[in-house]
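Report on the following structure.
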Number of protein chains: 2
Amino acid sequence: MSRPTVHDIAKEAGVSLATVDRVLNARPGVREKTITKVQEAVARLGYVRDTYAANLARQRQYRFVFVLPDGPGQFAQSLRSALHEAYASQIADRTVIRTVRVPIGDPHAIVRTLQGVHADGLDGIALMVPETPQVRDAIARLKDAGVAVVTLVSDLPNSRRDFFVGINNSAAGRAAGSLMGRFVGGRGEILVVTNSLRSRDSVERRFGFDEVMARDFPSVSVLPSVEAHDDPLRMARIVTEVIARRKALVGVYSMGSGNLTLLEALRGNRRSGRLVVIAHELTAATRQALIDDEIDAVIAQNVGHLIRSAIRVLRSLCDDLPIYEAQERLRIEVVLKENLP
Amino acid sequence: MSRPTVHDIAKEAGVSLATVDRVLNARPGVREKTITKVQEAVARLGYVRDTYAANLARQRQYRFVFVLPDGPGQFAQSLRSALHEAYASQIADRTVIRTVRVPIGDPHAIVRTLQGVHADGLDGIALMVPETPQVRDAIARLKDAGVAVVTLVSDLPNSRRDFFVGINNSAAGRAAGSLMGRFVGGRGEILVVTNSLRSRDSVERRFGFDEVMARDFPSVSVLPSVEAHDDPLRMARIVTEVIARRKALVGVYSMGSGNLTLLEALRGNRRSGRLVVIAHELTAATRQALIDDEIDAVIAQNVGHLIRSAIRVLRSLCDDLPIYEAQERLRIEVVLKENLP
DNA sequence: ATTGAAAAGAGGTACGCTCCTCATTTATGG
DNA sequence: CCATAAATGAGGAGCGTACCTCTTTTCAAT
């Protein structure tokens, strides 16, 4: 008993193959009654279109663009390499992916890029950019042009994007908070650092972190966020200062990119060995820091899954297929030295 | 520029399509020199066979059997449902999957099943069964019959299985140990329970757990493993007894299935609220227990990935394709209340 | 040079589907 | 009831690959 084909549907519905094709592909010129007949036959036989055969016949090409932050961030780098990997594997069959790097700090450059890419016909776009009104407008224009849009890592919930692929960042912050509270033993002060609070993910993480600390660890006090803005010297200065001044400091929570500069800053400090350090994203730097006991835990998202998920979602959006939410929901990974992948 | 096809290879290598086909499919009757010529053309053009077109032409059907433990275990249940889910999506991929349930305690029944399934031609088998010499022999017979064999969750390293899909269980034990040590604050006694030490995964987890405790938390003492053997009364009796007797008890580590009975037993005890409980596998029971603060952390493996990975590996084995180890390496997930998926 | 097997070429059919054309049937309004 | 448009049927080509048969070429051993 093999899968039913279009021929079986035609026979079952008592119509010709051409009509089945017209119905399945929503082509015009079929009576309502006939459409129903065909759909019933499809339902009865449990027909599922062989997408691969279909794409083969259709000579379908999915043209996607990934817009990723430029700059030195190791996370963006690992995203880029995951993209290359996905591209090489069959997950990307009949898919042409182009990566575009944008300066994260320049909203106008981002918008210009978004307008530029959609010059040539493209089917979908995945983007990881900070939230600005201009970007929202650019997304609206892409949607008007019929392009599928997914946001990556950091969501743009008030835009017309179709889907968000990434972790729930407030939950990630809560997980970090829970671990921090338990690891430090429930008392002391926590320094929170990030690269920039302009991107939504940082804000959400901070929110979740504070929520858990306030509720479950009231004796721990969390200091205001410190923004490093990709400036190693600034980071070093602040960290050194806080460690020196704050005798009750027991932990550091690094919410965003810029772990490298934080680690650099911590290494110069004697007391840092006794601080609990929790950071985000698994990169070469955080991985090594875990091994060296410089970081106690990393909250991460699997970049491979992230990319594959984005591609799957974009493809489903292009074909108007349903998205399996459960499969696309990314897990918040807690990585210790012991369960390093 | 679209992907090169067999025709392009033929042109590039200066041979006929038939010869390209012979080379690509390792058919006999081609001179060494010609094989090289074709392979060079493949390399030069970066040709990758379109697997879907190939499978379409080949009318390939992958027939796989999953042998899973019968019985009340919730983990096996979630495996089965993950399998059903995968089946629904893999249907688009010319794969027929059958699930067979075996009584985990009866090696002879398992062997009989393994012999039974391979009566009809099948291409691959994935199994999660305890390690016995009879099972090893049965696997050897399957291999002789040309069936691809992967072990699931619990490995059978001394058998002729082709691949193991599952987490590194000693690393999982180490992760549990690390969390336990930090959560309890570095001192006290830990009760370790499991359903049975007969399956390899339990043994390996215990090994890893002890390793970390001895090295990083020398002031914590770990009590000998207690085996429940699916007997709720036995579990309740032992847990109650240990809690009553051992005043220094600060944590419980549940290494295998049988979390439900443990939770049941813990609920009857007043002191249990202050015990750190770490368990394995995310099921309805452990999930609820996390939410209710009855369990502090769960060490888990993603059953969806597990199943999909097994299917991918089986398919690669059938087609003699390389296995992307990195993609198939399952992550050890640390699940807290906060990052529950 | 002849023979014979091995190697290579040529060409066709099929897989499930899309998309095209052209012929034929059916429904609808005048 | 006929003209007309709409709906449907019939059939074919092609997507990239596999696999089959039948011929032709190549090359070494005689």
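Per chain, numbering begins at 1; letters A, B, ... match sequence-line order.
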5'-most contact on DNA chain C (nearest-nucleotide basis), A:K33 vs A:L24, goes to A:L24
note: B:R27, atom CZ; C:dA6, atom P; distance rounded to Å ~ 18 Å
Rounded to whole Å, CD of A:E32 lies from P of C:dT26 at a distance of 20 Å
From CG of A:L56 across to C1' of D:dA18 the rounded distance in Å is 13 Å
What does B:R49 touch in the nucleic acid at a heavy-atom separation under 4.0 angstrom: a base, only the sugar-phosphate, or nothing? sugar-phosphate
Is there a side-chain contact between B:S16 and the phosphate of C:dA10, meaning an N or O under 4.0 Å from OP1 or OP2? no
Between CG of B:L17 and P of D:dC20 the distance, given in whole Å, is 16 Å
**OP:** Please step through side-chain hydrogen bond (donor to acceptor under 3.5 Å, both in side chains) for the pair A:E281 and A:Q301, ending with a clear verdict.
**Re:** CA-CA 7 Å; A:E281 310 312 353; A:Q301 48 197 323; 3.1 Å; yes
Ranking D:dT17, C:dG16, C:dG11 by distance to the side chain of B:A18, first place goes to C:dG11
B:T5 side chain near D:dG16 phosphate (N/O to OP1/OP2, under 4.0 Å) = no
- Message: Classify A:D21 by what it touches in the nucleic acid, base, sugar-phosphate, or nothing, heavy-atom distance under 4.0 Å.
- Response: base
Rounded to whole Å, OH of B:Y52 lies from P of C:dG16 at a distance of 17 Å
On DNA chain D, more 5' by nearest nucleotide between A:V30 and A:A57 is A:V30
Problem - Residue pair A:D319, A:Y62: steps toward the side-chain hydrogen bond (donor to acceptor under 3.5 Å, both in side chains) verdict - result: CA-CA 10 Å; A:D319 294 346; A:Y62 300 91; 2.6 Å; yes
Check this for me, if you would: do B:K143 and B:D162 make a salt bridge, where the nitrogen-to-carboxylate-oxygen distance has to be below 4.0 angstrom?
yes
From CZ of B:R31 across to P of C:dA5 the rounded distance in Å is 17 Å
task = Would you indicate what A:N55 reaches in the nucleic acid, counting non-hydrogen atoms under 4.0 angstrom: base, sugar-phosphate, or nothing?
result = nothing
Worksheet item: Think B:R49 forms a cation-pi with B:Y47, using NZ or CZ under 6.0 Å from the six-ring centre and within 45 degrees of its axis?
Response: no
B:N25 CG to D:dG16 P, in whole Å, measures 17 Å
| query | When all nucleic acid strands are considered with a 4.0 Å heavy-atom cut-off, which category describes B:H7: base, sugar-phosphate, or nothing? | reply | base
When rounded to whole Å, the CG to P distance for the pair A:D8 and C:dC17 reads 9 Å
Under 4.0 Å, counting only non-hydrogen atoms across every strand here, what does B:A54 touch: a base, just sugar-phosphate, or nothing?
sugar-phosphate
Self-check item: B:Q59 vs D:dT17: side-chain N/O to OP1/OP2 distance below 4.0 Å
Solution: no
- Under the 3.5 Å rule, do the base of D:dG16 and the side chain of B:R58 count as making a donor-acceptor pair? no
Practice task
Decide side-chain hydrogen bond (donor to acceptor under 3.5 Å, both in side chains) for B:R315 and B:T95; before the verdict, give the C-alpha distance in whole Å, the side-chain angles of both, and the deciding distance to 0.1 Å.
Solution key: CA-CA 9 Å; B:R315 214 182 282 136; B:T95 308; 3.0 Å; yes
